[in-house]
Amino acid sequence: MEKTAVHKASMPVNTYRLIQIVLGVVFSAYVIWRFYDVFIGNPAYGADTWMRFAISGVVLGSVYALVAIGYTLVYGILFMINFAHGDIMMIGAFGGYFVFEALKNIPSPTVGDPHQVFLNAHPIISVILAFVVGMIVAAVSGYFLEKIAYRPLRNAPRLVPLISAIGASIFLENAALLLFGSQRRDFVNPVQLTRGTGWNIPVNGTTVILPYTGVLTFVLSVLILIALYLLVQRTRIGRAMRAVAENKSTAALMGIDVDGVISRTFIISGALAGAAGVMWGIHLGLVYYQVGFIPGIKAFTAAVLGGIGNIPGAMLGGMFLGIIEALGPAILGLPFQLKDVLAFGILVLILIFRPTGLLGEVLSEEKV
Amino acid sequence: MSMLEINDIHTYYGNIHALNGISLKVEKGEIVTLIGANGAGKTTTLRTIAGLLKPRQGQVLLEGEDITKLKAHEVVYKGVAMVPEGRGIFARLTVTENLDLGAYSRTDRQNFAQDLERVFTIFPRLKERQKQVAGTLSGGEQQMLAMGRSLMARPRILLMDEPSMGLAPILVESIFDTIVAINKEGTTILLVEQNALMALSIAARGYVLQTGEIVLLDSAANLKQNEMVRKSYLGIE
């Protein structure tokens with residue numbers, strides 16, 4: 001008697017698990033079939049097209065990864081989603097934009113070209129300046145965002161700072177609208193970095209362009225990610241951040257200034273988002289007051305995909321999401337306009353079936 | 001001048017009056033214990049001294065210096081270390097990283113290796129587990145880590161909150177032996193314990209706390225003989 005009762009009680013769990021497995025198998029089979037169909041059965045695209053997709057995916061993924069880190073760092077320490085993070089990225093993008101605009105107007109005549117401007121005469125310095133300024137303005141915004149919108153709510157219920165974050169996001173977008181207007185501005189790069197130019201790689205008789213802006217974005221983003229990883233794992237401030245993430249009052253008992261560490265976390269995530277904003281501008285070419293919204297939500301998806309709170313997870317999730325977005329529609333035979341649907345569909349699936357994300361398991365094991 | 005002196009402390013949790021005018025003294029080089037039932041305010045007292053809780057009234061003096069208004073991390077720089085209740089190790093960090101954080105407040109980083117060696121001499125187990133993630137240690141090892149970590153700060157006074165909690169009896173004894181050894185090396189200790197018998201056997205003096213008030217203070221030897229203490233805290237009729 002007792003045994004059946006126990007068995008009955010556990011039934012719903014088993015059914016749920018069964019549904020999960022069946023759905024998983026069906027979905028995997030569908031994806032495998034699509035892979036077969038697209039690559040072998042009825043090849044829709046040649047290798048050159050796949051390569052273009054892959055390049056765009058990897059570049060986009062590296063930007064997502066940078067922004068996703070910001071979500072994950074803040075979540076790891078405050079257990080809140082900083083929904084204004086995408087708008088910090090927007091501020092960084094504007095920072096880079098105005099640097100290029102300013103440098104475009106500084107004459108720097110040379111013997112060959114009396115109308116030469118600084119931007120084109122010194123492209124490397126210009127790009128460095130754009131990143132430095134973009135990162136600084138975004139970091140400063142992040143610092144004040146925390147101080148004004150989140151710190152007073154430190155001990156409030158968890159939903160409250162979330163609402164404050166959404167409010168801060170609306171505020172930042174409207175402030176940008178007021179300051180910079182609603183028009184989409186063309187992000188003018190140094191002429192050496194003109195969008196659409198790059199190394200030509202012959203594939204299948206045609207040439208695939210490996211854009212300079214894409215390579216710049218990818219390389220820089222990887223370097224920043226490595227630097228961040230070393231900062232968190234190897235330095236005193238990184239150790240303090242990890243300690244605060246685990247237990248704030250014990251961290252304070254070690255002599256760690258918890259508020260200071262939280263401020264620094266916002267400064268670091270702001271700087272990363274700022275860099276991502278400048279990359280977004282340089283590679284995709286448009287800035288406007290809502291430019292951070294979609295990449296912000298995408299990066300949030302990436303952070304959840306990798307396991308929120310987990311730094312390598314955010315990097316992996318960002319890359320993964322960028323690639324899925326670029327290759328997914330082609331592989332699944334969907335219209336390309338549905339790439340956002342695909343990205344957010346993944347968010348929904350992850351939240352239902354694996355809320356801990358791809359690397360979440362590792363995390364929970366270590367926690368025990 | 002006393003190492004630590006607290007005068008008429010009143011601490012609240014919201015509107016709950018948790019400490020109702022506590023005063024106590026710990027002299028340099030002493031082990032003093034604070035015993036009392038659950039909810040008497042032992043942990044609250046330690047957290048108030050450490051700066052994690054702010055008293056509405058009263059003073060905390062460290063060798064005569066008023067540290068009442070300092071934030072928790074600033075108190076650490078004054079030479080107060082605390083082993084929190086439930087150990088509070090950083091489970092996702094390695095043993096070495098935990099010990100390193102213990103020395104976070106130290107400005108003389110050149111002595112780090114020497115201090116690490118000292119901790120490893122006291123707790124050889126930790127040396128074997130240096131590279132291990134702290135969450136994978138056993139309960140006893142975690143307690144050793146928490147104590148070792150607090151020593152890395154080279155504190156003037158060490159506050160210990162229930163070091164015996166959740167440990168097997170044989171481990172409890174070795175932990176208490178270690179507390180005595182640490183004290184002999186010159187660290188003043190304020191010990192909060194549920195295990196009153198053990199605490200009184202190593203302490204010089206003891207305070208008995210009841211619902212936020214000190215009801216008794218005496219030498220440890222006298223407290224052991226005290227009728228009320230024997231009944232309520234030692235379980236001896």
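Residue numbering restarts at 1 for every chain, and letters A, B, ... go by the order of the sequence lines.
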*asked:* Is any side-chain heavy atom of A:R239 closer than 4.5 Å to one of B:D100?
replied: yes
*Highest number of heavy-atom pairs under 4.5 Å with chain A: which of B:R149, B:R47, B:K71?*
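Max contact count across the listed options: B:R149.
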*asked:* Let's test your reading of the structure: which of B:L159, B:L101, B:N98 forms the most heavy-atom pairs below 4.5 Å with chain A?
replied: B:L101
With a sphere of 6.0 Å drawn around [atom1] of [X], does it hold more than 12 non-hydrogen atoms of other residues, nucleotides or ligands?
{"X": "A:Y229", "atom1": "OH", "value": "no"}
{"X": "B:F112", "atom1": "CZ", "value": "yes"}
{"X": "B:K54", "atom1": "NZ", "value": "yes"}
{"X": "A:F171", "atom1": "CZ", "value": "no"}

_Distance-minimising heavy-atom pair for A:T250 and B:G88_ =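 Of all heavy-atom pairs spanning A:T250 and B:G88, the closest is CG2-O, 3.0 Å.
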*Nearest non-hydrogen partners of B:V76 and A:A252, listed with the distance*: CG2-O, 3.5 Å
*Main-chain N/O of B:Y104 paired to A:R236 side chain as donor or acceptor, under 3.5 Å*: yes
Let me know if [X] has heavy atoms under 4.5 Å from chain A in its side chain, its backbone, both or neither.
{"X": "B:L93", "value": "both"}
{"X": "B:I89", "value": "backbone"}
{"X": "B:F90", "value": "both"}

*Roughly how far apart are A:D257 CG and B:S105 OG, rounded to 0.5 Å?*
13.0 Å
*Working to the nearest 0.5 Å, report the span between NE2 of B:H73 and OG of A:S249.*
14.5 Å
*asked:* Quick check for you: among A:N247, A:D259, A:I256, which has the greatest number of heavy-atom pairs under 4.5 Å with chain B?
replied: A:I256
*Any residue meeting ring pair (Phe, Tyr, Trp, His ring centres under 6.0 Å) with A:Y75, in chain and number order, not counting sequence neighbours*: A:F79
*salt bridge (Lys or Arg N to Asp or Glu O under 4.0 Å) with B:E97: which residues, sequence neighbours excluded?*
A:R242
